[in-house]
Amino acid sequence: MGEASSFFLVKVLIGRKALSLDRPFSYWTEKENIHQGMRVIVSFGSSKEAIGFVVEEPQRIEKPLSAYVKETGIKLSPILSVLDETSLLTPALMEVADWISSYYHCDKISVLSSMLPPSLKPSLTALKKPQAKDIEMVYALPIKVSLSLNSNESALYAKVKLHPEGVKKNQIGAKKALASLLEKGALEVRKVPVYRIPEMVLAKAAPIDLTKEQEQVYNEVLSSKDSVYLLQGVTGSGKTEVYLKLADSVLRQGKSVLILLPEIALTDSLLNRFVSHFDETVSLLNSSLSDARRYDEYRRILSGESKVVLGTRSAIFAPLSNLGLILIDEEHSSSYKQDKAPFYDAIEVAKKRAALEGAKVVLGSATPRLIDRARADKGVYHLLRMNQRYSANQEKDLIVVDTNDPKVFDLKVSSLLTLPLIEEIKKTLALHQQVMLLLNRRGYAPAYYCRNCHSLARCPNCSIPLSYHKREGILACHHCGYRCSVSDYECASCNSHDFIALGFGTEHVFEELRFLFPQAKILRLDSDVSSKNVRHEVLSSFADGEADILVGTQVIAKGHDFPRVTLAAMLDADASLRLPTYMANEETFDLISQFVGRAGRKDLKGRVLLQTLVPENKVIQLASKQDYETFYRLEMEERRKFQYPPYTYLTSIQVKALSLQRCEEVANMVRSYLLQAIGEKRFNLYGPSVPYVAHINGRYYRNLLLKYKNQEEASKILDGLKPLALGNKDAEISINVDPGAESL
Ligand code: ADP
Ligand code: ZN
Ligand code: ZN
């Protein structure tokens, strides 16, 4: 056989992370069915089989391969096989991948990897994950009257024709008749995907009419040409109803809709409200689903069968085509920012996608991120407001208890719960209404203290204080998960067994509540209750009125509708003000004002009680009144004074290594590079500093922080870090552009 007169040149990214590999390599093939966005098997270096990702549409070269090699001197290897039948990413998503890689300074293969579900990642391990499941189905085709069939064939044809939905091939016994009918073109076999997706049978809510205010917002989004909208609507103003109507309208135009929520559990009532609303197929995308299901949902979206996708952060990469609308609920939630490389922000990705695909983005929140509200004020986003509550009673009684005052405690009764709080709980229980109690600290006590030498029990991996969990009888590290039994714990410095638990967490509060209110049914919820589904079960059983008191960490502040909660109380309301980040005020405001929104719905007036050491603090005061506007103005003033976002940009750089010495060495290398690259430019460089948790799980950490006004200059400087970042085997450097509160 002679050599073909043409071939395709294929640009392939190798599925491994290393500096030298962060660019495409050329391969050749004669196959027509290889396209951008598919995975292929190639040989690379010393490995016979490497996985590759085709990053550009293959280019046809109109000459024989040998002639090409001779002319160019480039030796090409062949594509060994193709793994995918269709492109895994739409052309727009391929562009999004490029953008993420350059904006967040992350190698492209890591970006692609975080965009795709486990079974479809560009890595060899993905091949061991669940693969696509298909079934062969037989369908009847129209036939000419002249076509002659024997009696077996006629019978089979008639039988198949009765089933327009197809007949499973392996259920047809008459193999000979089948073969000849296929041959004659009377039947055909098609592969049909089998989806491992359980059906959700949900009751439909009655259709609603939008209120005037809701209608106005709805019309404005549809009629305006703007791309990004910030829907700032108080809790209960009906943002969800507006989302649903907008989605309906976009679907009627034949376009698809992507909806992001901060988190999803299958028992969540909000999720049900979304899923049950649509007649169209809704796909869920969320990392807690099984790998097989994630693959199948992905396939169903790719095929165009699902036009609505509901998911958490990474669902922003759902391969929907003809995207019309992206809705992001509770847009202030920190969960939209990925906390590992690539450190992308789903809101930024949404904006990029929308711009590329001509879609609209609606960001919704009662307490938008300051930077988003600031952008809206500058006219970058289209600001929409909803101020009227549809269901909740707006009036609330507010009680702030100053815990500096010794008179508020009766130590014989409780050292955690103040007398006014105990009184309010009593009142609420007497009326058969519900109480929520928030304390943002889990465990029994945050510190375990040696009475003999006054040192704290610390985690051997992380060196941060261990928390005491009384019921389980353990000490636990909340960073790495280290646990040890309390009974045989001895002081690392003096071997004493005489310890005292200091401070208090949710477990301790739970215990006191049980002692004080023995008749009440009390539930506790925090991230110790690890599975999201269990968490949501507790929340929905409380929402259904199956308990009187719910005590927990910030997980109880979000999402759910609790119609019978009339008392929302928070202990140590100022705790998060003391976090070492410029976002401490914003985080505290969000938490308190969301929580305050939990009390009082419909016909019942709510009461809010805050126990705090700083009752006169502005953030606490404004949050308890849910006065976002004043908080926004004051906090923006602070940000301007201290030159924090949105007045500047930040990038944090984290160095992680197994040995402290190496960690410091590399951190100093990063600093030297940055100093030299910055030169005379207007940048502030801080660090290397020792982070709050400097030693986690046997690894050491150092942080550097870059503050600047010019994003383009910064981008060039950070690009120059890549050789250091990808070139060091024994230390990891991660660049976090626009870091969230957790990474500062
Ligand atoms: P948000 O998302 O802004 O907190 P929701 O959309 O959850 O508000 O609305 C709060 C409650 O009010 C929900 O139970 C919702 O069904 C109801 N609601 C809102 N708007 C309407 C409306 N126009 N007609 C009927 N019920 C509404
Ligand atoms: Zn000791
Ligand atoms: Zn630890």
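We count ligands from 1, going down the list as the structure has it; atoms in each ligand are counted the same way.
- Between Glu213 and Arg389 there is no salt bridge, since none of the side-chain N atoms of the basic residue sits less than 4.0 Å from a carboxylate O of the acidic one.
- In Val234, the part holding a heavy atom less than 4.0 Å from any atom of ligand 1 is the backbone.
- With a 4.0 Å heavy-atom cut-off, ligand 1 is reached by the side chain of Arg273 but not by its N, CA, C or O.
- At least one side-chain heavy atom of Arg458 sits less than 4.5 Å from a side-chain heavy atom of Pro465.
- Here is the list of ligand 1 atoms found below 4.0 Å of a heavy atom in Asp209: 22 (C), 23 (N), 24 (N).
- In terms of N/O distances under 3.5 Å, ligand 1 is approached by Gly236.
- Comparing Leu210, Thr235, Thr240, Thr211 by heavy-atom distance to atom 2 (O) of ligand 1, the nearest is Thr240.
- The residue Met386 has no part lying near ligand 1, judged by heavy-atom distances below 4.0 Å.
- Between the side chains of Ser288 and Asn286, at least one donor N or O lies within less than 3.5 Å of an accepting N or O.
- The aromatic rings of Tyr628 and Tyr632 sit parallel, their planes meeting at an angle under 30°, below the 60° perpendicular limit.
- Annotation for ligand 1: atoms under 4.0 Å from non-hydrogen atoms of Gly238 are 1 (P), 3 (O), 5 (P), 6 (O), 8 (O), 9 (O), 19 (C).
- The shortest side-chain heavy-atom distance between Leu251 and Asp279 does not fall under the 4.5 Å cut-off.
- Proximity of Phe631 to Ser593: side-chain heavy atoms (C-beta onward) are nowhere separated by under 4.5 Å.
- Under 2.8 Å from the Zn ion (ligand 2) lies no N/O/S atom of His454, from backbone or side chain alike.
- Taking the side chain as every heavy atom from C-beta outward, Gln654 and Asn703 approach each other to under 4.5 Å.
- Side-chain contact between Arg373 and Met636: absent, with no pair of heavy atoms (C-beta onward) separated by less than 4.5 Å.
- Neighbouring protein atoms of the Zn ion (ligand 3) (N, O or S, distance under 2.8 Å, waters ignored): Cys459 SG, Cys462 SG, Cys477 SG, Cys480 SG.
- Residues Leu320 and Arg353 share a closest heavy-atom pair of O-NH2, 3.3 Å.
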Steps toward salt bridge (charged side-chain N to carboxylate O under 4.0 Å, His left out) verdict (Asp329, Lys239): CA-CA 9 Å; Asp329 192 29; Lys239 294 184 290 296; over 6 Å; no
